[in-house]
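The sequence lines fix the lettering, A, B, ..., with proteins before strands; numbering per chain opens at 1. Worth saying up front: this structure is predicted, and the values here are computed from it rather than measured.
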Number of protein chains: 2
Amino acid sequence: MAQCSISNNIRRLRFDHDEMTQKVLAEMVGVTRQTIVAIEKGKYSPTLELAFKISHVFKMPLEEVFSYIKNEEKGDTK
Amino acid sequence: MAQCSISNNIRRLRFDHDEMTQKVLAEMVGVTRQTIVAIEKGKYSPTLELAFKISHVFKMPLEEVFSYIKNEEKGDTK
DNA sequence: ACACTATGTCAATAATTTTTGACATTTACT
DNA sequence: AGTAAATGTCAAAAATTATTGACATAGTGT
């Protein structure tokens, strides 16, 4: 679960949507502002539920908000 | 994060894909068999990363493997 | 009967995400 | 100057997901 990265364009989508603030988005999806910051900055990726909720806010398919970039693992860790 | 549910058709997709076993799917996405069991049975929903990986295995868009069902909270009747 | 595979479950632990509360910076407005 | 809003960061704790190892059941085949 560690060797793959997920990127998103939440920041751009926020501004496309009338410059919605992090605080407002956080309230709309029911998490704290820090969670939105962390996801936007790529500190970690959200749960599936949160990803669905965020996509919902922007009325876009999940895969247009979040993209999965596969990192090839070189060996199985066990 | 509490008032929404996520369902999936992993079990059906496994059988559509040559009766792929839970063990094989687990190995393909790099988690244990128990994790696949728990997700299939709806004990909890996967991380976004794992959801992407599973969709990848079945070569389907994430939203055709997992569906998000919004539970109305009291007061919000939309 | 015995072995084997696939599925399901349980409890304890590890790993990751989210919360809480605090504080700093920048920008804009009076 | 001072105030407020928006963003960013940090650390500790809570909540959720994933792992490990064990065991149970049903089905298949020998």
Side-chain angles (χ1 to χ4, degrees), chain A residues 1-58 62-63 65-71 73 75-78, chain B residues 1-58 62-63 65-71 73:
Chain A
M1 210 87 349
Q3 304 314 96
C4 70
S5 53
I6 287 179
S7 64
N8 69 81
N9 14 53
I10 294 175
R11 187 164 1 197
R12 179 155 46 78
L13 288 168
R14 278 199 298 113
F15 284 98
D16 287 353
H17 283 248
D18 203 25
E19 306 201 353
M20 175 188 300
T21 66
Q22 294 175 333
K23 184 165 181 279
V24 167
L25 175 57
E27 285 164 355
M28 290 180 84
V29 300
V31 297
T32 62
R33 190 176 59 82
Q34 282 93 326
T35 299
I36 299 297
V37 173
I39 291 165
E40 268 194 21
K41 306 239 82 180
K43 283 196 162 195
Y44 46 76
S45 38
T47 60
L48 183 56
E49 300 180 1
L50 182 49
F52 266 118
K53 285 186 178 179
I54 292 172
S55 312
H56 238 262
V57 165
F58 296 124
L62 192 150
E63 286 171 302
V65 180
F66 300 92
S67 359
Y68 170 69
I69 292 120
K70 199 183 339 191
N71 286 359
E73 316 211 17
D76 259 24
T77 38
K78 163 67 199 291
Chain B
M1 205 91 348
Q3 304 314 92
C4 70
S5 53
I6 288 180
S7 63
N8 68 80
N9 16 50
I10 295 176
R11 188 165 0 194
R12 180 152 45 79
L13 287 169
R14 280 197 298 111
F15 284 98
D16 287 353
H17 283 248
D18 203 25
E19 306 201 351
M20 176 187 301
T21 66
Q22 295 175 331
K23 184 165 181 275
V24 166
L25 175 57
E27 284 164 357
M28 290 180 84
V29 299
V31 297
T32 61
R33 188 175 61 82
Q34 282 91 327
T35 299
I36 299 297
V37 173
I39 291 165
E40 268 194 19
K41 304 240 83 180
K43 284 198 158 192
Y44 47 76
S45 40
T47 59
L48 183 55
E49 301 179 1
L50 182 49
F52 266 119
K53 285 187 180 179
I54 292 172
S55 311
H56 238 264
V57 166
F58 296 123
L62 192 149
E63 285 172 303
V65 180
F66 299 92
S67 1
Y68 170 70
I69 292 118
K70 204 189 324 195
N71 285 358
E73 305 230 19

After noting the C-alpha distance and the side-chain angles of B:Ser7 and B:Ile69, does the key distance pass the side chain to side chain contact (heavy atoms under 4.5 Å, CB included) rule? CA-CA 8 Å; B:Ser7 63; B:Ile69 292 118; 3.6 Å; yes
Please lay out, stage by stage, how B:Leu50 and B:Thr35 fare under the test side chain to side chain contact (heavy atoms under 4.5 Å, CB included). CA-CA 10 Å; B:Leu50 182 49; B:Thr35 299; 3.9 Å; yes
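- Listed here is the closest heavy atom pair of A:Met20 and A:Leu25: SD-CB, 3.8 Å.
- If you take CD1 of A:Ile39 and P of D:dG8, they are 13 Å apart, rounded to a whole angstrom.
- The distance from atom CD of A:Glu49 to atom P of D:dA15 is 16 Å, rounded to the nearest whole Å.
- Whole-Å rounding puts the B:Glu40 CD to C:dA6 P distance at 14 Å.
- Using a 4.0 Å cutoff on non-hydrogen atoms, the parts of residues 11-26 of chain B near DNA chain C are B:Arg11, B:Arg14, B:Thr21, B:Gln22, ordered by number.
- Taking every side-chain heavy atom of B:Lys41 into account, C:dT9 is the closest of C:dT9, C:dT17, D:dG8.
- Counting heavy atoms from C-beta on, the side chains of B:Leu13 and B:Asn8 never come closer than 4.5 Å.
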Applying salt bridge (Lys or Arg N to Asp or Glu O under 4.0 Å), run through B:Lys53 and B:Glu49 and close with a yes or a no. CA-CA 6 Å; B:Lys53 285 187 180 179; B:Glu49 301 179 1; over 6 Å; no
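- Closest of all the heavy-atom pairs between A:Arg14 and A:Glu40 is NE-OE2, 2.5 Å.
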Checking side chain to side chain contact (heavy atoms under 4.5 Å, CB included) for the pair B:Leu62/A:Leu48: CA distance, chi angles, key distance, verdict? CA-CA 10 Å; B:Leu62 192 149; A:Leu48 183 56; 3.8 Å; yes
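- Distances shown here put every side-chain N or O of B:Thr47 at or beyond 4.0 Å from the OP1 or OP2 atom of C:dT17.
- Of the candidates D:dG8, C:dT17, C:dG8, C:dG8 carries the atom nearest the B:Val37 side chain, counting heavy atoms from C-beta on.
- In terms of position along DNA chain D, the nucleotide closest to B:Lys43 lies nearer the 5' end than the nucleotide closest to the other residue of the pair B:Lys43 and B:Arg33.
- Separating the CG atom of A:Leu48 from the C1' atom of C:dT17 is a distance of 13 Å, rounded to the nearest angstrom.
- Considering only side-chain N and O atoms, B:Thr35 lies nowhere under 4.0 angstrom from the phosphate OP1 or OP2 of D:dT17.
- In this structure, B:Lys53 places its NZ atom 11 Å from P of D:dA18, rounding to the nearest Å.
- The side chain of A:Tyr44 sits closest to C:dT18 out of D:dT17, D:dA18, C:dT18.
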Walk me through whether B:His56 and B:Phe52 qualify under side chain to side chain contact (heavy atoms under 4.5 Å, CB included). CA-CA 6 Å; B:His56 238 264; B:Phe52 266 119; 5.6 Å; no
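- Taking the screw axis at each terminus of the helix from C:dA1-D:dT30 to C:dT30-D:dA1 from five consecutive base pairs, the angle between the two is 30° to within rounding of 10 degrees.
- Rounded to an integer number of Å, the gap from CG of A:Asn8 to P of C:dT17 is 13 Å.
- The side-chain heavy atoms of A:Ser55 and B:Tyr68, taken from C-beta on, include no pair separated by under 4.5 Å.
- Computed from coordinates, the A:Leu50 CG to C:dT17 C1' distance equals 10 Å when rounded to whole Å.
- Taking 3.5 Å as the limit, the base of C:dG21 and the side chain of A:Gln34 contain a donor-acceptor pair of atoms between them.
- Atom CD of B:Glu27 and atom C1' of C:dT5 are 13 Å apart (whole Å).
- Closest approach of B:Ile10 to B:Val65, counting heavy atoms only: CG1-CG1, 4.2 Å.
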